[in-house]
Amino acid sequence: MAYLEGKNLVASYGVVPILHECSVEVEKGELAVIVGPNGAGKSTVMRVLLGMLNATSGSVTLDGKDISMLSTQDRISHGLAFVPQTKNVFPSMTVEENLQMGGFIRQDDINQTIEEVYALFPILYDKRKQLAEQLSGGQRQQVAFGRAMMTKPSIMLLDEPTAGVSPIVMDEIFSNILDVRNAGMAVLMVEQNAQQALNIADKGYVLVSGRNEHTGTGKELINNSEVRKKFLGG
Amino acid sequence: MTSDSVDIINAFALLTNFVLLPALSYGSQLALGALAVTLVYSVLRFSNFAQGDSMAFGTMIVILLTSFMISRGWTISGIPTALLVIPIAIVFTSMYLLTMDRLIYRHYRKIKAKSITIVMSSIGVMFVTGGIVRFVLGATAQKFEDGERFIFSVREFKAYTGLEQGIAFKTSQFLTITIAFLLVAFVFYFLQKTKTGKAMRAYSDNKELALLSGIDPDKMVQITWLLVAALTTIAGALYGLDKGFAPQQYHLLLLPIFASVIVGGIGSPIGAIAGAFLVAFSEILLTYAYKKFLIYLLPLSMHPSSLVQLIGTEYKYAISFVILVIVLLIKPTGLFKGKVIVDE
């Protein structure tokens with residue numbers, strides 16, 4: 001059984017069905033990527049895994065434990081962390097306050113973790129007294145990562161971390177993600193930039209209309225002619 | 001002293017007595033009310049039209065408790081009894097506001113109603129609250145100030161300084177300015193430095209991310225109402241000690257309070273306070289009759305024969321209105337850049 005597993009998830013917004021028996025899983029130290037066309041339900045998978053949307057059927061297990069019934073907050077304290085695509089920082093708070101809020105649920109000393117985040121993203125240390133809204137897109141993304149890492153999560157969910165950033169920043173963000181994975185965390189991300197994402201992924205899921213269309217390692221999917229033709233532009 | 005000489009000291013003593021001290025205390029009272037409106041706006045995402053009447057409610061509790069204490073003889077000489085009962089009144093007001101939240105606002109939060117819908121429901125709360133106050137205390141004005149009325153009176157001031165123009169420093173003014181200063185300092189310390197205060201700002205900044213960080217929304221809402229109850233009760237009690245209590249007067253306070261919030265930049269706590277003093281000083285400076293002031297300053301030949309009053313006091317609420325309109329036309333974000341709710 002994989003570390004985080006979403007099994008046969010069925011979900012809908014109101015009466016509009018989004019997910020049909022969709023399954024994803026990710027191991028510790030592994031980077032899994034969900035790609036697929038717009039409206040395929042990629043972000044919905046994340047929301048269900050996080051408990052921000054209740055699945056009508058299916059289960060979510062973390063380390064073998066069923067967490068389907070837990071609230072978002074409880075899942076966070078069980079080791080899940082999420083970086084939303086947009087609005088992923090507290091804009092009118094300083095970088096340091098953003099990190100402090102990330103560690104809100106922790107009862108122990110969080111300063112050690114803040115230092116670790118600064119070590120990973122040195123620019124944040126220089127900007128620690130600045131408001132998050134004054135940072136560049138790439139820096140803001142680092143604040144968002146840093147905030148999510150404050151709970152010392154075992155698994156990180158990322159919703160389109162490279163949406164709307166320049167190619168240079170995209171490379172930077174992907175290398176940040178690999179650092180996070182190499183630190184032993186499980187990383188599951190939804191990506192629009194399918195080609196680049198699958199290149200660095202250990203495992204990939206191609207989602208179409210809420211169903212698993214293709215599953216395999218990143219390399220397998222890139223080399224799969226059908227996936228290439230339909231989703232990677234040839 | 002001849003009336004022919006230019007007398008700057010007396011002129012400023014006059015202004016201190018009739019403009020500076022009243023405006024400082026009125027501004028402090030507005031600031032507390034405006035801070036309460038700002039907190040509700042930032043955290044609960046609506047403009048609370050019930051603020052003025054909630055202040056009347058808090059003051060009503062203060063009045064009831066004060067007369068109870070006096071009837072039992074539980075007073076401390078020299079200190080207004082109202083001051084002693086404020087903490088208990090805050091508890092009652094908190095309970096009332098939390099009940100209103102539970103009965104009304106929570107429902108609209110749950111169904112993610114648009115901000116304007118919640119504003120409309122707050123107008124309902126305003127009428128209900130105003131009704132309760134009138135039902136319990138009646139609509140007539142009353143005073144509930146006891147204890148020492150002056151820190152120093154006009155006579156004492158004159159005797160001490162030998163000036164022709166006296167300055168009276170009322171106990172209520174002294175209390176207003178001191179308590180407002182301390183309370184505002186506390187609120188800012190709370191929001192900037194404490195974990196809970198920061199969580200409140202985080203929740204106000206980005207609700208979903210706050211949830212993802214494990215911040216409990218219900219707790220944030222409750223803490224907000226507790227702070228609002230404290231600000232509201234204290235603002236109402238201080239205003240009542242200073243000017244007497246009348247339900248209608250409190251209801252109308254909504255206008256200068258909203259003007260303060262918008263002038264300062266809606267959603268900005270520091271802006272709300274700056275806005276409150278701006279509104280208070282404008283109201284008093286524009287309605288003050290400058291005749292005597294000019295007589296002190298000008299030679300006899302130039303003494304004014306009229307009152308030299310720019311606007312009659314009966315129009316003082318119009319000043320808030322005009323300030324509102326000017327700000328909305330010229331700088332809608334206010335002095336300190338505020339943020340406006342966008343329904344998601």
Side-chain angles (χ1 to χ4, degrees), chain A residues 14 43 46-47 49-53 70-107 109-110 129 131-134 140 143-153 156-159, chain B residues 38-39 41-43 45 109-113 187-224 264-272 333-344:
Chain A
S43 297
M46 294 251 160
R47 298 182 69 86
L49 292 175
L50 283 155
M52 297 166 82
L53 179 73
L70 296 184
S71 69
T72 303
Q73 272 147 299
D74 288 339
R75 294 184 201 200
I76 300 288
S77 48
H78 275 77
L80 258 70
F82 180 46
V83 180
Q85 180 189 348
T86 55
K87 296 210 230 162
N88 51 21
V89 296
F90 299 111
S92 65
M93 300 180 85
T94 65
V95 168
E96 190 153 274
E97 285 172 336
N98 265 276
L99 297 181
Q100 288 169 349
M101 285 301 107
F104 183 81
I105 47 170
R106 283 177 52 186
Q107 299 300 323
D109 187 26
I110 60 170
K129 299 282 176 213
L131 300 184
E133 64 189 356
Q134 296 167 342
R140 214 179 299 183
V143 176
F145 277 17
R147 185 209 61 82
M149 288 171 68
M150 286 304 297
T151 47
K152 292 207 246 175
M156 191 95 121
L157 307 182
L158 312 171
D159 193 0
Chain B
T38 300
L39 285 179
Y41 184 89
S42 306
V43 177
R45 304 301 234 189
R109 269 202 306 281
K110 229 176 199 164
I111 63 169
K112 296 197 163 70
V187 170
F188 276 87
Y189 174 81
F190 175 79
L191 290 177
Q192 293 300 326
K193 297 289 174 205
T194 67
K195 192 178 173 187
T196 314
K198 283 180 189 174
M200 241 172 89
R201 279 164 54 215
Y203 179 75
S204 149
D205 236 12
N206 187 337
K207 268 187 191 173
E208 190 156 81
L209 199 62
L211 196 70
L212 286 169
S213 306
I215 295 168
D216 181 358
D218 292 333
K219 204 173 149 201
M220 292 303 116
V221 169
Q222 280 163 13
I223 291 168
T224 306
I266 190 153
S268 154
I270 190 88
T333 50
L335 297 175
F336 297 80
K337 203 170 134 264
K339 51 187 166 190
V340 174
I341 293 172
V342 183
D343 281 309
E344 286 144 24

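Just so it is clear, the model here is predicted, and its values are computed rather than measured. Just so we're on the same page: letters track the sequence lines, and every chain starts at 1.
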Which atom of B/K195 lies closest to which atom of A/R106, heavy atoms considered | NZ-O, 3.6 Å

Rounding to 0.5 Å, atoms CE (A/M93) and CD (B/Q192) come to a distance of 8.0 Å

Cut-off 4.5 Å, heavy atoms of chain B, and the answer for A/P91 is both

Please say whether more than 12 non-hydrogen atoms of neighbouring residues, nucleotides or ligands are located less than 6.0 Å from NZ in B/K207.
-> yes

Check whether A/T151 gets within reach of chain B through its side chain, its backbone, both or neither, counting any heavy atom under 4.5 Å.
-> neither

Measure across B/R201 and A/S92 and return the closest heavy-atom pair with its distance rounded to 0.1 Å.
-> NH2-O, 4.0 Å

At what distance, to the nearest 0.5 angstrom, does CE of A/M101 lie from CG of B/D205?
-> 11.0 Å

Side-chain touch A/Q73/B/D216, heavy atoms, less than 4.5 angstrom = yes

Distance in Å, B/I215 CD1 paired with A/I76 CD1, rounded so as to fall on 0.5 Å steps | 11.0 Å

Heavy-atom pairs under 4.5 Å with chain B are the metric here; pick the option from A/L50, A/V83, A/N88 that has the most.
-> A/N88

Okay, A/M150 and chain B: the region with an atom under 4.5 Å from a heavy atom over there is neither

Interatomic spacing from NZ in B/K198 to CG in A/N98 - rounded to 0.5 Å | 11.0 Å

Scan side-chain atoms only and decide if B/S213 and A/R147 contain a donor-acceptor pair under the 3.5 Å cut-off.
-> yes

Here the gap from B/L212 atom CG to A/F104 atom CZ, rounded to the nearest 0.5 Å, amounts to 14.0 Å

